[in-house]
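In what follows, a single structure is set out as structure tokens and then discussed.
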Protein chains: 2
Amino acid sequence: MSTTPTPGHEVRGSTTGRPLMAALDLFGRRWALRILWELRHGPLGARALRTVCDGMSSSVLYQRLDELTTADLVTKNDDGDYELTPIGAEVSTALEPLGNWADRWAQSLEAGGPQAG
Amino acid sequence: MSTTPTPGHEVRGSTTGRPLMAALDLFGRRWALRILWELRHGPLGARALRTVCDGMSSSVLYQRLDELTTADLVTKNDDGDYELTPIGAEVSTALEPLGNWADRWAQSLEAGGPQAG
DNA sequence: ACCTTTGTTTCGAAATTAGAAACGTTCTGG
DNA sequence: CCAGAACGTTTCTAATTTCGAAACAAAGGT
């Protein structure tokens, strides 16, 4: 199967076809966000990508790569390495605030703790 | 089981404990991002939340709610409704650029198409 | 030709998600 | 207090997804 979520189509969890819902479906699949994140600094070969992703299973790697390629977020360059497309590169930019947020999150958990009132 | 990813701990897909990796694990679970998104405008009861999420299965809803609560992103208010915590509300803010991105993504797919050169 | 590294596919096992059903509680109206 | 309806939650089985290892082809180096 190869159901890559795309704007304008019904996706898992939403029938509206809104772009954000397609994005949330696509990015909600395991490792999808991570792959984009790891490619943000430049192209990587499949094996290298798997290594930086702490050894994600190859079957999932290729499935995600296929989805992300269909979604035009990732492409294979002339060297055979995977890299972000222009619009794919914008994802990691759009995700940057999330990186900052995560640090604040960590601090807030240290400070108050999840249970501490 | 109840393995809620938190900063400082080993999470699925990363052994470093970096906050972003914990976030990526937590948010990479089905419906997690969507729940935060749907709560961005205010509290919702469980049943209402399930409705706006296009009928996500209740078993997953409560599992996510549990994880997000443990992660201190969601809390249950005095009315019994679920709402974002302060740090949880910052997630949807941090996610806003992603909403804008998704619209550009949709346009870029319409314009060139995934396959079109 | 041989060994090594990389890219990719396949397959059974393990984990996650889906979906429906069920149960207790709360609220509304007698 | 008693029914009925809506809500919150838990539980169980089936389907889907992900894991993890193994295998094979292609490319490079010696």
Side-chain angles (χ1 to χ4, degrees), chain A residues 1-5 10-15 21-22 24-39 42-71 74-83, chain B residues 1-5 9-15 21-39 42-71 74-83:
Chain A
M1 60 126 271
S2 62
T3 48
T4 300
E10 188 166 324
V11 299
R12 251 182 335 193
S14 177
T15 56
M21 291 303 116
L24 254 32
D25 183 4
L26 183 59
F27 297 155
R29 301 180 178 191
R30 188 98 79 210
W31 296 106
L33 239 32
R34 180 69 178 276
I35 289 174
L36 293 176
W37 183 261
E38 296 296 352
L39 288 178
L44 286 175
R47 218 104 179 174
L49 191 49
R50 205 145 85 81
T51 299
V52 297
C53 284
D54 259 316
M56 140 188 56
S57 71
S58 55
S59 45
V60 177
L61 169 63
Y62 284 102
Q63 183 161 351
R64 289 297 162 271
L65 246 19
D66 185 58
E67 292 164 1
L68 293 173
T69 299
T70 298
V74 165
T75 189
K76 210 171 171 180
N77 67 19
D78 292 340
D79 292 337
D81 293 334
Y82 295 95
E83 66 180 11
Chain B
M1 58 126 269
S2 62
T3 48
T4 300
H9 299 103
E10 186 166 324
V11 298
R12 254 183 332 192
S14 178
T15 56
M21 292 302 116
L24 255 31
D25 183 4
L26 183 59
F27 298 155
R29 300 180 179 191
R30 193 86 46 94
W31 296 105
L33 238 31
R34 180 70 179 276
I35 289 173
L36 294 176
W37 184 259
E38 297 295 353
L39 288 178
L44 286 175
R47 221 109 174 171
L49 191 48
R50 203 145 84 81
T51 299
V52 298
C53 284
D54 258 318
M56 140 186 58
S57 72
S58 56
S59 45
V60 177
L61 169 63
Y62 285 101
Q63 183 161 352
R64 290 296 163 272
L65 245 20
D66 186 59
E67 292 163 2
L68 293 172
T69 299
T70 299
V74 165
T75 189
K76 209 171 171 178
N77 67 20
D78 291 340
D79 292 336
D81 292 333
Y82 295 95
E83 65 181 11

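Just so it is clear, the values below take in all heavy atoms, side chains as well, and ignore hydrogens, waters and symmetry mates. Everything quoted here is computed from the prediction, not taken from an experiment.
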Atom-to-atom span, [atom1] of [X] to [atom2] of [N] - whole angstrom:
X	N	atom1	atom2	answer
Glu67(A)	dT16(D)	CD	C1'	13 Å
Gln63(B)	dT11(D)	CD	P	13 Å
Leu26(B)	dT16(C)	CG	P	14 Å
Arg64(B)	dT16(C)	CZ	P	9 Å
Asn77(B)	dG8(D)	CG	C1'	14 Å
Leu61(B)	dG19(C)	CG	P	14 Å
Arg47(B)	dA20(C)	CZ	P	13 Å
Arg29(B)	dT17(D)	CZ	P	18 Å

Atom pair [atom1]/[atom2] of [X] and [Y] - distance to nearest 0.5 Å:
X	Y	atom1	atom2	value
Met56(B)	Trp31(B)	CE	CH2	6.0 Å
Glu83(B)	Thr75(B)	CD	OG1	6.5 Å
Leu26(B)	Thr70(B)	CG	OG1	9.5 Å

Partners meeting side-chain contact (heavy atoms from CB on, under 4.5 Å) with [X] (sequence neighbours left out):
X	result
Arg30(B)	Arg12(A)
Ala22(A)	Pro5(A), Pro7(A), Val11(A), Trp105(B)
Leu24(B)	Leu33(A), Arg34(A), Leu98(A), Leu20(B), Met21(B)

Which one of Leu44(B), Ile35(B), Val74(B) satisfies the side-chain contact (heavy atoms from CB on, under 4.5 Å) criterion with Tyr82(B)? Val74(B)
Among dT17(C), dT8(C), dG8(D), which nucleotide sits nearest the side chain of Tyr62(A)? dT8(C)
Would you mind telling me which of dG8(D), dG7(C), dT17(C) lies closest to the side-chain atoms of Lys76(A)? dG7(C)
Which pairs, with at least one residue in residues 42-52 of chain B and sequence neighbours excluded, count as a salt bridge (Lys or Arg N to Asp or Glu O under 4.0 Å)? none
Go through it in stages, so that I can follow the logic: the residues are Leu36(B) and Phe27(B), the test is side chain to side chain contact (heavy atoms under 4.5 Å, CB included), and I'd like the CA-CA distance, side-chain angles, deciding distance and then a yes or no. CA-CA 9 Å; Leu36(B) 294 176; Phe27(B) 298 155; 3.6 Å; yes
Sorted by position of nearest nucleotide on DNA chain C, 5' first, the leading residue of Gly28(B) and Leu65(A) is Leu65(A)
Which angle, rounded to 10°, do you find between the first-five-pair axis and the last-five-pair axis of the helix from dA1(C)-dT30(D) to dG30(C)-dC1(D)? 30°
With respect to the phosphate group of dT9(D), does any side-chain polar atom (N or O) of Tyr82(B) fall under 4.0 Å of OP1 or OP2? yes
Please tabulate, one pair per line, each protein N/O and nucleotide N/O from nucleotides 19-21 of chain D that are separated by under 3.5 Å, including the distance.
| residue | atom | partner | partner atom | Å |
| --- | --- | --- | --- | --- |
| dC19(D) | OP1 | Trp31(A) | NE1 | 2.9 |
| dC19(D) | OP2 | Trp31(A) | NE1 | 3.1 |
| dG20(D) | O6 | Ser59(A) | OG | 2.9 |
| dA21(D) | N6 | Ser58(A) | OG | 3.2 |

